[in-house]
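To start, the structure itself, in structure tokens.
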Amino acid sequence: MNQSLPRISAAERRARVAARHHLTPASNATEVATAARSLIGLHSTDPASVYLSSWARVGAVTHADVDHALYQSRSVVKHMAMRRTVWALATDLMPMVQVAASDSIAASERRRLACDLERSGVTDDGATWVAAAERAAMKTLGRLGPSLGRELSQAVPMLQTKITLGSGDKAQQIGVVTRVCTILSASGQATRGVPGGQWYDRQPRWVRMADWVPQVTMVEPLPAEAARAELTRRWLRAFGPATVDDLKWWTGWTVAHTREALADIGAVEVDLGGSRPGLALADDLEPTATPDPWVALLPALDPTTMGWKERDWYLGPHRSRLFDVNGNAGPTIWADGQVVGGWAQRPDGEVVLECLVQVGAETAHLVETEADRLTSWLGGVVVRPSFPTPLQRALSI
């Protein structure tokens with residue numbers, strides 16, 4: 001490593017996580033939108049994660065507070081963006097994220113569905129078919145208002161179409177309504193409104209973005225290069241220093257777009273103590289004050305746990321027990337900027353813990369206190385991650 005580079009240690013990175021991710025009492029956010037904006041967004045593939053990620057970051061937050069942010073004030077909006085993931089994004093960041101990440105996902109999803117339609121013999125012109133389905137779905141949403149996927153399918157005959165995936169004994173037929181709704185989400189035409197089930201259920205009601213948050217659709221789009229640069233600047237402020245691979249993975253960009261965005265914002269190389277340099281904002285090299293001892297119980301797919309591709313500096317050797325085989329994080333216990341274990345819920349709703357490293361008495365007490373607090377906050381509701389992990393499965397019995 002070049003000794004002339006500014007050095008940012010793992011301890012400094014952990015202190016930044018504490019402060020910038022609102023994970024200590026002193027750094028807690030005052031509202032859900034602030035927490036979401038600081039991290040670009042909160043993961044929402046599992047609807048419960050938005051609530052649990054907010055609980056970990058927003059002082060004295062209630063379920064009603066999260067509901068209000070999502071469905072009344074709409075200061076955060078559910079949207080498909082980076083890595084084809086559903087996020088609860090701060091609403092004011094939506095136009096930038098749309099251009100920087102979501103537009104390319106929408107284009108890819110259109111191509112994939114068009115190919116599957118042609119391969120299944122539904123049409124010889126998949127692109128035209130997909131465009132017609134989008135128009136029909138949006139027209140129907142304008143007429144019906146917020147609608148479950150099955151309601152939309154019942155109202156739009158095209159969305160009852162089935163395609164064949166796989167071949168031979170593994171062939172299966174699936175409906176296209178979910179695929180079309182994914183395109184509507186990624187393209188910014190529609191969003192997930194008030195759900196059809198409980199706060200932890202995956203039953204989205206689809207609504208036109210122009211009806212839900214009209215201010216988003218009225219913003220003049222940024223040029224793609226400027227949008228990617230702005231997303232990079234905000235990401236490095238929250239997650240930096242980090243590597244090129246971290247940013248490329250988190251955004252889902254090509255190497256060329258990743259390096260272009262880093263060059264556009266003037267990111268500087270720093271020494272992270274490894275064989276390759278990291279990158280940071282040029283005005284973000286000063287040390288962070290060391291926080292008091294802290295712990296956090298973060299949910300499955302939390303944006304902090306999922307914030308970097310290269311995770312050894314905070315995860316250690318625990319990937320196989322705390323992540324599934326596809327790289328989805330389960331519930332984790334954090335202490336002073338490192339993952340020290342995982343948590344789950346028993347059938348009666350009690351939060352149970354397992355530390356994978358030895359922790360001191362003070363940390364153990366803080367973790368137990370957080371577990372009791374979360375058990376009380378959940379009030380008997382049992383949240384099951386959509387992507388179970390080995391430790392979460394073992395603890396849930």
Side-chain angles (χ1 to χ4, degrees), residues 44-45 77-87 89 94-166 171-193 202 204-225 227-228 251-254 257:
S44 187
T45 300
V77 179
K78 293 185 177 183
H79 187 56
M80 179 162 285
M82 293 70 67
R83 304 189 313 281
R84 199 181 172 276
T85 293
V86 182
W87 298 78
L89 297 170
M94 282 275 296
M96 177 265 294
V97 171
Q98 181 66 52
V99 176
S102 299
D103 281 348
S104 62
I105 295 170
S108 175
E109 291 298 311
R110 286 182 176 117
R111 289 193 298 269
R112 288 179 59 238
L113 180 54
C115 287
D116 287 340
L117 287 161
E118 293 172 7
R119 191 180 300 115
S120 299
V122 173
T123 177
D124 293 330
D125 187 350
T128 297
W129 194 100
V130 172
E134 289 182 55
R135 290 194 298 271
M138 288 299 294
K139 182 177 180 180
T140 302
L141 283 177
R143 176 171 57 86
L144 296 181
S147 304
L148 296 169
R150 64 175 179 270
E151 295 168 339
L152 196 55
S153 180
Q154 289 167 359
V156 182
M158 290 185 78
L159 299 184
Q160 298 168 23
T161 301
K162 294 185 181 296
I163 55 177
T164 302
L165 298 182
Q172 57 178 330
Q173 283 199 322
I174 65 168
V176 301
V177 62
T178 300
R179 299 276 295 273
V180 172
C181 287
T182 295
I183 293 169
L184 297 181
S185 174
S187 61
Q189 297 178 78
T191 186
R192 293 158 172 81
R202 298 181 71 170
R205 279 196 179 97
W206 295 97
V207 60
R208 296 191 308 177
M209 190 74 77
D211 296 333
W212 192 250
V213 280
Q215 68 273 27
V216 167
T217 60
M218 293 187 290
V219 174
E220 185 71 24
L222 288 170
E225 296 82 0
R228 288 192 293 267
T251 56
W253 292 338
T254 63
H257 283 163

- Evaluation steps, side-chain contact (heavy atoms from CB on, under 4.5 Å), between His257 and Thr251: CA-CA 10 Å; His257 283 163; Thr251 56; over 6 Å; no
- Steps toward side-chain contact (heavy atoms from CB on, under 4.5 Å) verdict (Leu152, Cys181): CA-CA 10 Å; Leu152 196 55; Cys181 287; 3.9 Å; yes
- Item | Verdict with reasoning, Ile163 to Ile174, per side-chain contact (heavy atoms from CB on, under 4.5 Å) | CA-CA 6 Å; Ile163 55 177; Ile174 65 168; 3.8 Å; yes
- Where do Val213 and Thr191 land on the side-chain contact (heavy atoms from CB on, under 4.5 Å) test, with the steps shown first? CA-CA 9 Å; Val213 280; Thr191 186; 5.6 Å; no
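Under a 4.0 Å N-O distance rule, the pair Arg205/Glu151 does not qualify as a salt bridge.
With sequence neighbours excluded, no residue satisfies salt bridge (charged side-chain N to carboxylate O under 4.0 Å, His left out) with Arg202. Under the salt bridge (charged side-chain N to carboxylate O under 4.0 Å, His left out) criterion, Glu134 pairs with Arg110, sequence neighbours left out.
You'll find the side chain of Leu222 stays beyond 4.5 Å of the side chain of Pro95, heavy atoms only. You'll find the side chain of Ser185 reaches within 4.5 Å of the side chain of Arg192, heavy atoms only. Here the side chains of Val77 and Met209 are in contact, with some heavy-atom distance below 4.5 Å. At least one side-chain heavy atom of Val97 sits less than 4.5 Å from a side-chain heavy atom of Met82. A 4.5 Å side-chain heavy-atom check between Trp129 and Thr161 finds at least one atom pair inside the cut-off. A 4.5 Å side-chain heavy-atom check between Ile183 and Leu113 finds at least one atom pair inside the cut-off. Between Arg84 and Thr182 the shortest side-chain heavy-atom distance falls below 4.5 Å. Looking at Asp116 and Arg179, their side chains come closer than 4.5 Å, going by heavy atoms from C-beta outward.
Contact record, Ala186 with Ser102: O-CB, 3.2 Å, taken as the closest heavy-atom pair. Nearest approach of Leu148 to Pro204, heavy atoms of both residues: CD2-O, 3.5 Å. Nearest heavy-atom pair, Pro221 versus Val99, reported as atom, atom and distance to 0.1 Å: CB-CG2, 4.0 Å. When all heavy atoms of Thr123 and Asp125 are compared, the pair lying nearest together is OG1-N, 3.0 Å. A pairwise comparison of heavy atoms in Ala114 and Val130 identifies N-CG2, 4.0 Å as the closest pair. The two residues Ala137 and Val156 come nearest to each other via the heavy atoms CA-CG2, 4.4 Å.
Note that CZ of Arg150 is 15.0 Å distant from CG of Leu159, once rounded to the nearest 0.5 Å. A distance of 11.0 Å separates NZ of Lys162 from CD of Gln172, quoted to the nearest 0.5 Å. Annotation: the span from Arg135 atom CZ to Lys139 atom NZ amounts to 10.5 Å, rounded to 0.5 Å. We find the CD-OG1 distance between Gln189 and Thr217 to be 11.5 Å, quoted to the nearest 0.5 Å.
Using modelled atom types, no side-chain atom of Gln160 and backbone atom of Ala155 make a donor-acceptor pair closer than 3.5 Å. The backbone N or O of Leu141 lies less than 3.5 Å from no partner atom in the side chain of Trp206, so there is not a single donor-acceptor pair. Side chain of Ser108 to backbone of Ser104: no donor-acceptor contact under 3.5 angstrom is found. Between the His79 side chain and the Val86 main chain, no donor and acceptor come within less than 3.5 Å of each other. Counting only distance, with no hydrogens or angles, the side chain of Ser147 and the backbone of Gly145 share a donor-acceptor pair below 3.5 Å. Using modelled atom types, no side-chain atom of Ser153 and backbone atom of Gly149 make a donor-acceptor pair closer than 3.5 Å. Ser187 places a side-chain N or O within 3.5 Å of a backbone atom of Leu184 that can act as its donor or acceptor partner.
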